[in-house]
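What you see is a predicted model; the values in this text were computed from it and never measured. A, B, ... follow the sequence lines: proteins, then strands. Residue 1 opens every chain.
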Amino acid sequence: MVGLALMTLFVAMALLAPVFANRSELQAAAGRNNPNLHAPNGKFWLGTDEIGRNVFALVMWGARVSLYIGLLATVVAVVIGSVLGLIAGYARGWVSRVMLAIDDFFLVLPFIPLAIVLALLLGRSPTIMALVIGGTFWAGGSRLIRAQVLSLRERGYVERATALGASSRHIIMRHVLPGVAPLIIANASLIVPGAILAESTLAFLGLGDRFSPSWGKVLEGAQASGALTLNAWWYYLPPGLCIIGIVLAFTLVGNALERIFDPRLGDR
Amino acid sequence: MSEVVSPPLLEVAGAKVTYEARRRGGLPVRAVDGVDLTVQRGEVLALVGESGCGKTTLARAVLGLQPLSGGSINFAGSSLPRSKSGLRAYRRKAQLVFQDPTGSINPRQSIYEIVAEGLRIHRERADEEARVAAALSICGLRPPEQFFLRFPHELSGGQRQRVVIAGAMVLEPSLLVADEPVSSLDASVRGEILQLLLGLSRDRGMTILVVTHDLGLAWNIADRVAVMYLGRIVEVGTTEQILAAPQHPYTKALLSVVPEHDKMEQQILTGEAPDPTHIPTGCRFHPRCPVYQSGEAERLGIAHACTGVDPVLTNSVACHLANR
Amino acid sequence: MTTRLVLKKLIDAVVLLAMVLVFNFFLFRVVDHDPLAKYRGHSKLSQAQRTAIIKRFGLDGSKWEQFVRFVDRTLHGDFGRSFNSTRPVVSEILDRLPNTLLLVGISTVLTIAIGIRIGIRAGWQRGGRFDRISTPFSMALYGTPEFFLGMLFLAFLGAKLGWFPTGGVTNPAAHYTGFSAIVDRARHLVLPVATLTLGYLGSYSLVMRTSMLDTLREDYLTTARAKGLRDRDVMRRHAVPNALLPSVSLIAIGFGFIIGGAITTETVFSYPGLGLATYQAIGNTDLPMMQALFMFSSVAVIVFNIFADVVLTFLDPRIRVGA
Amino acid sequence: MSDPLLVVRDLHVTYRSSRGPVPAVRGVSLHLDRGETLGLAGESGSGKSSMAMALLRLVPVGTTITGSVTLAGEDVLAMKPGRLRAVRWAEAAVVFQGAQHVLNPVHRIRRQIQEAIDTHRGNGKVADLLEQVGIPRWRSDAYPHELSGGQKQRVMIAMALACDPELLIADEPTTALDVMVQAQVLQLLADLQRDRGLAMIFITHDLSVLSTVADRLAVMYAGRLVETGPAKEMLRGARHPYTKALAAAFPTIGDQSSRLAPSGLAGDPPDPMAVPSGCPFHPRCPIATEECAATMVELHEISPGWEAACLKL
């Protein structure tokens with residue numbers, strides 16, 4: 001419940017960002033006439049950054065960027081993970097082994113360094129960041145889905161369908177897919193927080209778009225401008241707390257979904 | 001007698017199923033090792049034996065779920081099809097009822113969908129609802145309409161098994177293979193399901209092959225009994241023959257340990273269920289055979305045959321002593 | 001039996017390393033058509049200079065030749081020269097390695113030790129007071145990016161209260177010797193270690209808690225209780241050893257994230273280790289450096305995973321016998 | 001005559017669940033003499049296992065147990081935790097069902113048996129115990145997964161005997177086993193029980209199994225006892241309609257009345273959260289009348305040492 005409320009709040013922030021702050025406020029020029037690193041006041045609810053931009057605007061628009069990257073990356077990761085997981089689980093023989101090897105490989109590759117390399121080579125726009133994160137984030141989910149498919153294959157009702165004369169197509173469409181769908185959904189809601197954290201890490205390391213800043217990028221600015229030693233809390237606290245909040249929101253919702261879909265976990 | 005003897009519905013001849021061991025370097029598992037068996041139209045045949053004797057593998061082979069590595073299976077006079085489409089058509093006629101009804105139905109499907117699944121797989125859309133209703137009502141789920149939209153978890157174990165049987169009956173098969181159909185059910189429900197199976201055979205002429213370790217079940221519903229040991233049928237005959245006057249020492253031992261059967265002295269065989277990767281030479285039962293072990297076989301001068309000659313099924317029993 | 005299993009794991013690891021090698025080459029030479037474009041000031045170079053540089057960085061010849069040379073050099077520990085400092089990449093890395101080993105080593109040990117303990121206790125008494133406090137705490141830690149945690153430490157414990165230095169590994173102004181040098185070094189480690197430890201504590205304790213909850217359903221715990229064992233012994237001897245098994249693999253896979261965490265943590269505290277080197281390589285688009293760092297962290301994760309696999313073989317007799 | 005070893009009075013066991021309290025045992029009274037074997041029969045959900053586990057208070061957190069359980073003159077339900085732990089296994093040990101998951105997979109069986117001995121400072125020897133149950137001494141270094149189902153159950157029995165208890169609670173000890181192995185284990189239990197003068201509560205859903213081991217029988221339905229009496233006589237001529245049905249479910253081979261006539265009971269066992277009013281068996285009972293639905297009936301003597309809870313008796 002808390003998760004859902006928080007989630008709604010952040011989605012609202014992302015959607016309403018243009019209402020509260022104009023996109024142009026994100027440009028460097030927007031802060032030219034404003035005081036730099038100014039504490040919050042009636043005009044700048046969350047103060048200004050080192051080049052005079054309105055931190056409130058940055059945080060509102062940050063919700064948009066962070067959510068966009070987080071969700072798009074999740075879609076990419078879920079699609080890759082589900083397809084590979086389904087194939088690895090349903091196929092037999094060498095196809096399954098190759099899939100498993102690819103999965104193992106991506107599972108042990110250190111994720112952040114890999115994403116850094118990719119972002120360095122491919123570019124830094126939000127969409128590319130999302131593709132990079134999604135493209136490297138799917139291995140765990142694919143492993144889970146494979147395990148579930150393997151277990152579904154052994155279920156009595158799959159054997160019953162086979163004994164009734166069902167084709168592979170019938171079994172996949174009628175029994176395997178409906179069986180893994182809830183897992184895919186629950187898994188997706190747990191990938192979102194991971195992707196958002198990953199994005200904020202990459203942005204913090206300088207791999208983000210300066211003028212459509214995510215929360216991680218805002219934190220990078222705070223770090224680089226010396227806001228920490230200057231006690232400019234309004235600059236770094238709000239984006240940081242937002243990241244924590246959104247990660248918690250998706251984690252809580254994901255856990256709740258998992259509990260709904262997997263009755264075995266019911267009394268956790 | 002002028003009655004024409006109809007050919008058997010199912011004829012298994014020299015059937016073998018061998019598969020590779022899970023572990024590398026392991027010996028091949030000879031799960032079914034040369035089985036001859038016929039099932040007549042309309043009869044209930046019980047295939048009994050300990051776990052690991054190959055009875056379930058044989059049942060799966062009969063349904064075309066497990067390819068044979070040797071021998072043949074004939075159904076209604078022609079051998080089992082090997083092609084995908086041939087097998088699909090065959091599976092319309094031979095249906096399986098499982099041990100665990102809860103696991104064998106998809107918890108996400110309604111009872112209607114579960115029962116109709118066979119019709120949908122074989123694209124028989126006509127009168128679907130009427131046929132589903134008829135199958136449910138044959139299986140004692142009445143009025144059938146009341147069950148259409150319910151889900152498996154709302155039903156009791158016995159009702160679920162009825163749904164599984166209805167799902168098989170909806171295709172109007174000529175053979176029903178039931179693998180331990182009541183062993184996971186509560187005692188008080190067991191009789192009801194057995195009554196249902198017996199009724200299908202008596203009222204509708206259904207041929208039923210029931211796989212079980214439970215001799216009481218055979219006594220309750222079977223016309224004939226086949227006893228299986230280590231991949232081979234060691235004794236076969238009418239239920240009265242086998243259960244009242246067993247010939248094979250293995251059948252005798254099996255019967256003697258049925259609780260409440262206090263007419264016989266218990267002959268508890270030592271050791272665990274035998275291992276199908278190491279089938280003994282000669283009579284495969286001799287290492288556990290009370291007759292051989294007590295030295296009686298020696299006295300009768302058949303011990304060398306027990307260790308050296310694989311007995312064949314003659315006069316319904318495969319034993320050197322009985323066939324002496 | 002056990003040696004054969006360890007051997008098999010080692011072979012798996014070698015295969016993975018080979019895949020990393022190929023992948024690494026693929027990333028840097030195939031995805032990127034013109035690595036030289038990233039070289040600083042490349043537009044001002046003359047043709048002769050270009051050719052010289054291309055040769056120096058091993059970028060000449062066909063892709064296949066480059067690959068063979070790349071593998072050969074890598075196997076000899078030659079990762080080329082940094083675009084930025086033009087020093088050999090290996091020396092750059094070796095200079096900074098001890099700092100990172102110290103930071104990541106201490107943090108990993110602390111995270112695993114504390115995280116597992118918290119998870120065990122929370123799971124054992126689910127819904128109890130400890131669980132009600134520790135689990136939300138773990139979840140909050142899980143949701144906090146470690147660099148934000150580091151920034152908070154730096155701003156409050158470092159800058160505002162002045163309890164700890166805010167960056168570096170030593171105080172360059174004071175020339176400490178002997179024991180005070182060690183104290184100085186330790187003081188510089190406190191905040192980065194705390195950051196990295198707390199940053200991953202949450203996920204470790206949550207993993208262990210879930211694993212405990214799964215184990216608590218097992219029948220052998222009822223057996224242990226029926227035997228008249230104290231609750232503490234039931235937990236210590238029966239629940240924990242079994243609950244550790246799934247956690248070990250998850251922790252091994254999660255190790256890659258600690259390496260990522262080291263990058264941001266070192267960046268926040270200007271701690272001169274491999275993480276800070278990574279950050280600088282990003283800023284300078286220093287490809288040879290980046291390539292070596294990526295290679296290096298992959299190797300670290302793979303080695304850690306083998307280690308975990310071996311540990312698991314010793315913890316779980318079922319794996320040992322190959323069941 | 002000495003006092004009975006175990007006296008249970010008006011035992012209620014109620015589990016906590018997300019749907020509300022689940023009354024699994026609803027007022028059971030019984031007694032067990034030293035050296036006697038009581039067969040406790042009932043279907044799944046009848047409360048037989050809950051009752052047995054409650055004897056040693058081996059129930060999940062949040063479960064309430066009321067009534068009294070007196071074991072060797074001491075009230076188990078009133079014991080302090082320390083005393084309860086001392087009583088567990090030393091006075092009453094349990095052989096659990098399945099044996100598949102009741103042994104800890106990561107410890108050698110020697111260690112698991114030794115642990116029981118050490119906890120109660122007993123002086124049994126692991127190898128001797130294993131030999132008594134027919135497992136060679138050298139197998140004590142095995143892990144559970146290296147043993148077959150029957151062997152695991154033997155190990156479980158050896159472990160139960162480790163501290164020389166007076167009472168053995170055997171909860172479906174042969175259910176997961178194959179016919180021949182089941183016979184082996186039943187014989188082992190019967191031998192041990194005779195040699196050691198153990199008292200035993202043997203729980204099962206298969207009434208026929210009890211004929212070889214039990215002196216007395218108690219049949220449970222919906223959390224209550226419906227019939228109790230001498231085993232042999234009861235198996236041959238049960239009086240309560242439920243026991244009759246249960247006994248008939250496993251036919252006597254050779255008995256012509258059951259040949260090609262499986263006997264069953266209409267309906268299903270009741271949900272413990274919605275037990276029918278009056279006699280809980282009345283909806284499935286072939287001889288029930290309107291009176292049965294209205295009147296709750298207690299166990300009463302129908303002949304010496306034989307009690308049943310049925311209005312018609």
Side-chain angles (χ1 to χ4, degrees), chain A residues 101-102 104-122 139-140 143 193-194 196-198 200-202 204-207 215-216 219-220 222-223 226-233 236-237 239-241 243-252 255 264-265 267-268, chain C residues 12 15-16 19-20 23-24 27-28 31-32 38 126 139-140 142-152 154-156 158-160 166 210 213-214 217 252-253 255-264 267-268 278-279 281-283 285 287 290-291 293-294 296-298 300-302 304-305:
Chain A
I102 296 177
D104 266 340
F105 179 61
F106 272 87
L107 209 55
V108 297
L109 275 189
F111 163 71
I112 294 291
L114 173 62
I116 291 173
V117 170
L118 284 173
L120 214 52
L121 297 175
L122 296 173
R143 179 64 62 91
I196 289 177
L197 277 177
S200 71
T201 302
L202 293 178
F204 179 77
L205 291 172
L207 295 160
W215 292 323
L219 285 175
E220 187 214 359
Q223 159 88 6
L228 299 178
T229 39
L230 295 171
N231 268 328
W233 54 266
Y236 59 85
L237 271 186
L241 293 177
I243 296 176
I244 299 178
I246 200 162
V247 169
L248 279 183
F250 276 99
T251 310
L252 289 172
N255 285 346
R264 200 177 60 87
L265 304 176
D267 46 7
R268 246 186 216 165
Chain C
D12 282 357
V15 172
L16 271 181
M19 281 169 81
V20 166
F23 186 71
N24 206 324
L27 267 184
F28 284 90
V31 173
D32 198 28
K38 306 273 190 329
R126 179 190 42 176
M139 290 202 63
Y142 167 74
T144 313
E146 69 292 327
F147 57 88
F148 181 60
L149 205 62
M151 289 167 78
L152 293 180
L154 193 150
F156 292 99
K160 195 159 185 182
T166 57
T210 308
L213 291 183
D214 284 338
R217 296 163 210 272
I253 288 170
F255 180 69
F257 285 86
I258 290 211
I259 291 202
I263 300 176
T264 54
T267 303
V268 171
T278 310
Y279 178 67
I282 297 171
T285 346
L287 291 186
M290 209 46 239
Q291 186 175 11
L293 285 165
F294 175 55
F296 192 82
S297 45
S298 309
V301 175
I302 291 172
F304 193 82
N305 269 283

Largest heavy-atom contact set with chain A, pairs under 4.5 Å, which of [options]:
options	result
C:Leu293, C:Leu154, C:Val268	C:Val268
C:Ala300, C:Gly256, C:Pro145	C:Pro145
C:Ser297, C:Ala252, C:Gly158	C:Ser297

Interchain contact, [X] with chain A, by part (heavy-atom threshold 4.5 Å):
X	answer
C:Phe304	neither
C:Leu152	side chain
C:Ser298	both
C:Val15	neither
C:Ile302	side chain

If I measure from the heavy atoms of chain C, does A:Ile243 come under 4.5 Å with its side chain, its backbone, both, or neither?
both
For the residue pair [X] and [Y], establish whether any side-chain heavy-atom pair is separated by less than 4.5 Å.
X	Y	result
C:Leu16	C:Asn305	no
C:Tyr142	A:Thr251	yes
C:Thr278	A:Pro113	no

Just so I understand: if I count every heavy-atom pair under 4.5 Å between each of A:Leu114, A:Asp104, A:Leu207, A:Ile112 and chain C, which residue has the most?
A:Leu114
Top contributor to chain C interface from A:Ile196, A:Ile116, A:Leu248, A:Leu205 [non-hydrogen pairs under 4.5 Å]
A:Leu205
Please name the pair of heavy atoms, one in [X] and one in [Y], separated by the smallest distance, quoted to 0.1 Å.
X	Y	answer
C:Phe257	C:Ile253	CD1-O, 4.5 Å
C:Met290	C:Ile282	SD-CG1, 4.5 Å
C:Phe255	C:Val301	CD2-CA, 4.0 Å

Can you name the ring pair (Phe, Tyr, Trp, His ring centres under 6.0 Å) partners of C:Phe147, sequence neighbours left out?
A:Phe204
Apply side-chain hydrogen bond (donor to acceptor under 3.5 Å, both in side chains) to C:Glu146 and list each qualifying residue two or more places apart in sequence or on a separate chain.
C:Tyr200, C:Thr264
